[in-house]
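Below, chains carry the letters A, B, ... as their sequence lines are ordered, and counting in each starts from 1. Any value given below was found using the heavy atoms of this structure, including those in side chains, with hydrogens, waters and symmetry copies removed.
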Amino acid sequence: MEIKFFDDRVIVSGTDDFSAGKIFDCGQCFRWVRSPDGSWTGSALGRVLRLREEEGSVIFECGKEEFLGVWHDYFDLGRDYAALRKRLSVSEYMERACGFGAGIRILRQDAWEALCTFIISQCNNIARITGIVDRLCRIFGDEQEGGFCSFPGPERLCGLSERDLEPLRAGYRASYIISAARSVASGALELEALRSCDAETAEAALTALPGVGRKVASCVMLFGLGHTEAFPVDTWMRRALRDNFGPGFDPSVFGPDAGFAQQYIFYYSRWGRGGERYVCD
DNA sequence: AACCAGGCGCATA
DNA sequence: TATGCGCATGGT
């Protein structure tokens, strides 16, 4: 992978492992939008970025400092995904899943945003999750360039009531959002400290929050806390595992790569051939 | 017009 | 440990 710096943009080229469409549509984040011209714009970590793909390279519309200080890490560009896919291709199925998902990267998202959005995601569909998250940012976040809004932090939400959140139309999840905001804002839950904890400790701390079970906790760990061994299992994963792996399958065989295995399996089962059989059943 | 969504928490066996 | 249910809302 090559990175070239210009005054107003950074160009990343020479990799099969950056596909904006797959990265933003694989269900890990909810705030990147595609423009008619094919470019993508999103708000993350308090900043707005636009990027576009052109002839096998990715163009980040930002300066060198911002790229190195923010986006290089956010897009996990220091990781060798080609080597990762090779390690994960331990079976014919995994080889297909990794090939199909080539281009996926697991974003290093803000931990609070991950917690909040995956609380919202429970028993919900992507379209509605996106809408609720958008309203949350639009109503309680700060305005940014291009009509985008920042993700409101826990200190912004901790003083609100369930009625204040009614315009989100988040249903019963509203109370979960508020109590999570209060736990984090008060310091009762130190999200950043969970980065360096072992997985069991992090999961226990997260599931202590109302409305946070194993699935949401594992998503927060994987997408927001850098716990790459986390392996979220939802309805899609349950079906994919049931049909393609033994009944006693243990994701820990993938060790610290388990989270990436999960993403490739999930993406393949939803959008690839691995998922078609379920439609016909 | 139903069905169900990247679940959770609680009750019951 | 396993299974079932209600929870708010609205996309498909």
Side-chain angles (χ1 to χ4, degrees), chain A residues 21-33 97 100-101 104-107 109 111 113-136 138-139 160-181 183 189 203-225 227-228 230-245 247-251 258-272 274-276 278-281:
Chain A
K22 292 180 185 177
I23 291 168
F24 299 135
D25 280 340
C26 71
Q28 62 178 321
C29 58
F30 304 94
R31 296 211 307 136
W32 287 84
V33 293
F100 184 78
I104 290 175
R105 310 185 78 87
I106 295 187
L107 301 171
Q109 299 182 66
E113 179 171 336
L115 173 58
C116 223
T117 55
F118 281 95
I119 282 174
I120 292 167
S121 78
Q122 65 183 81
C123 196
N124 219 333
N125 57 62
I126 302 272
R128 201 162 87 91
I129 297 164
T130 305
I132 293 169
V133 171
D134 182 64
R135 291 190 288 279
L136 177 65
R138 224 162 269 294
I139 296 171
L160 301 177
S161 66
E162 286 185 45
R163 283 194 39 204
D164 294 324
L165 295 192
E166 271 177 13
L168 303 184
R169 316 305 297 157
Y172 62 86
R173 305 164 193 85
S175 64
Y176 301 157
I177 295 170
I178 289 171
S179 63
S183 295
L189 175 63
E203 182 181 294
L206 290 167
T207 54
L209 296 171
V212 178
R214 296 192 59 184
K215 160 62 172 60
V216 171
S218 57
C219 285
V220 177
M221 290 165 63
L222 180 58
F223 302 131
L225 293 169
H227 277 278
T228 62
F231 192 88
V233 177
D234 63 3
T235 52
W236 289 94
M237 284 300 294
R238 228 174 286 286
R239 277 179 291 203
L241 294 176
R242 180 196 64 196
D243 293 353
N244 299 289
F245 295 78
F249 170 72
D250 181 358
F260 301 98
Q262 189 273 356
Q263 263 330 79
Y264 289 119
I265 296 166
F266 176 78
Y267 187 79
Y268 188 48
S269 72
R270 279 208 71 163
W271 305 111
E276 280 180 8
Y278 312 128
V279 179
C280 304
D281 279 352

Trainee: Could you tell me how far apart A:Leu206 (CG) and B:dC8 (P) are, to the nearest whole angstrom?
Mentor: 11 Å

Trainee: Quick one: sort the A:Tyr267 and A:Trp271 rings into parallel, tilted or perpendicular, breaks at 30° and 60°.
Mentor: tilted

Trainee: Roughly how far, to the nearest 0.5 Å, is CD1 of A:Ile120 from CZ of A:Phe30?
Mentor: 9.0 Å

Trainee: A:Phe266 and A:Phe231: aromatic ring centres closer than 6.0 Å?
Mentor: no

Trainee: Roughly how many Å is it from OH in A:Tyr264 to C1' in B:dG6, rounded to a whole number?
Mentor: 19 Å

Trainee: How close do A:Val233 and A:Lys215 get, counting heavy atoms only, and between which atoms?
Mentor: O-CD, 3.9 Å

Trainee: Contacts to DNA chain C from residues 207-219 of chain A, heavy-atom cutoff under 4.0 Å, which residues?
Mentor: none

Trainee: Please tell me whether A:Ser161 and A:Asp164 have a donor and an acceptor in their side chains that are separated by less than 3.5 angstrom.
Mentor: yes

Trainee: Sort out the partner of B:dC10 for me: Watson-Crick or G-U wobble, both distances under 3.5 Å, none otherwise.
Mentor: C:dG4

Trainee: Taking atom C1' of B:dG6 as reference, at what distance in whole Å does atom CZ of A:Arg270 sit?
Mentor: 7 Å

Trainee: Just the rounded figure in Å: distance from C1' of B:dG7 to CE of A:Met237.
Mentor: 16 Å

Trainee: Should we say atom CZ of A:Arg214 is surrounded by more than 12 heavy atoms from elsewhere, each under 6.0 Å from it?
Mentor: no

Trainee: Sticking with atom P, work out how far B:dA2 lies from C:dA8, rounded to a whole angstrom.
Mentor: 22 Å

Trainee: Using the P atom in both, what is the distance from C:dG4 to B:dA5, to the nearest Å?
Mentor: 16 Å

Trainee: Tell me the interatomic distance from A:Ile106, atom CD1, to B:dG6, atom C1', rounded to whole angstroms.
Mentor: 14 Å

Trainee: Starting at atom CZ of A:Phe118, determine the distance to atom P of B:dG6, rounded to an integer number of angstrom.
Mentor: 11 Å

Trainee: Round to the nearest Å and state the distance from A:Arg238 atom CZ to B:dA5 atom P.
Mentor: 12 Å

Trainee: To the nearest 0.5 Å, how far apart are CD1 in A:Ile119 and CD1 in A:Ile178?
Mentor: 11.0 Å

Trainee: Mind checking the OG-NE2 spacing from A:Ser218 to A:His227? Nearest 0.5 Å is all I need.
Mentor: 12.0 Å

Trainee: If the sugar-phosphate is the primed atoms plus P, OP1 and OP2 and the base is the rest, what is the B/S/- string for nucleotides 3-12 of chain C, using protein heavy atoms under 4.0 Å?
Mentor: ----BBBSSS

Trainee: Starting at CG of A:Leu222, measure out to CD of A:Gln262 and round the result to the nearest 0.5 Å.
Mentor: 6.5 Å

Trainee: Take atom P in C:dC5 and the same atom in B:dC3, then report the distance between them in whole Å.
Mentor: 14 Å

